[in-house]
Amino acid sequence: TDRCTVEVKKEPSKIKLAKKSVKLKRGKTYQIKPVLSSKSQSNRITYTSKHRAVAVVSGKGLVRAKKKGITYITVQTYNKKNTKLKVIVI
């Protein structure tokens, strides 16, 4: 007989980012690296830019600066835990 071990992780109770804000020049990029609460996992993390004219973000968390200004990127887990990254484009 074959055996299979399954490890079930908790849903995240919070999400944090390595930085609370970043400054980028137009055309430059920044990779968002979310950190979940210990021993937890999220099968889906979404990224949303408040002002897409200033900076856009991919589904994998890569921010690209478009024009001078300030925007906020919301990073959210499947169970609605979220945090924000302030992006300043200079």
* Asked: Are the side chains of Arg26 and Val89 in touch, meaning some heavy atoms are under 4.5 Å apart?
  -> yes
* Only counting residues at least two apart or in another chain, list the ones meeting side chain to side chain donor-acceptor pair (under 3.5 Å) with Ser13. => Ser37
* Structure fact -> Applying side chain to side chain donor-acceptor pair (under 3.5 Å) to Asn82 and not counting sequence neighbours gives none
* Applying the side chain to side chain contact (heavy atoms under 4.5 Å, CB included) test to Ile90, which of Lys28, Lys25, Lys68 qualifies? -> Lys25
Residues 49-62, side-chain donor-acceptor partners within the protein, below 3.5 Å, at least two apart:
from	atom 1	to	atom 2	distance (Å)
Ser49	OG	His51	O	3.4
Ser49	OG	Ala55	O	2.6
Ser58	OG	Lys60	N	3.2
Ser58	OG	Gly61	N	3.4
Ser58	OG	Leu62	N	3.1

Which atom of [X] lies closest to which atom of [Y], heavy atoms considered:
| X | Y | answer |
| --- | --- | --- |
| Lys84 | Thr74 | NZ-OG1, 3.4 Å |
| Gly27 | Arg64 | O-CG, 4.4 Å |
| Thr83 | Ile15 | CB-O, 3.8 Å |
| Pro34 | Leu17 | CA-CD2, 3.9 Å |

* Could you walk me through whether Val63 and Val22 pass the side-chain contact (heavy atoms from CB on, under 4.5 Å) test, one step at a time? => CA-CA 10 Å; Val63 178; Val22 293; 5.9 Å; no
* **Cluster check Tyr72, Ile88: I/L/V/M/F/W/Y, side chain < 4.5 angstrom** => yes
* Structure fact -> Sorted by chain and number, sequence neighbours left out, side-chain contact (heavy atoms from CB on, under 4.5 Å) with Lys80 holds for Gln76
* Looking at residues at least two apart in the chain, or sitting in another chain, which of them share a side-chain contact (heavy atoms from CB on, under 4.5 Å) with Ser21? -> Lys86
* Look up atom CG in Asn79 and atom CZ in Arg44, then write down how far apart they are to the nearest 0.5 Å. => 9.5 Å
* Apply side-chain contact (heavy atoms from CB on, under 4.5 Å) to the pair Leu85 and Tyr30, showing each step before the final yes or no. => CA-CA 11 Å; Leu85 172 71; Tyr30 173 76; 4.0 Å; yes
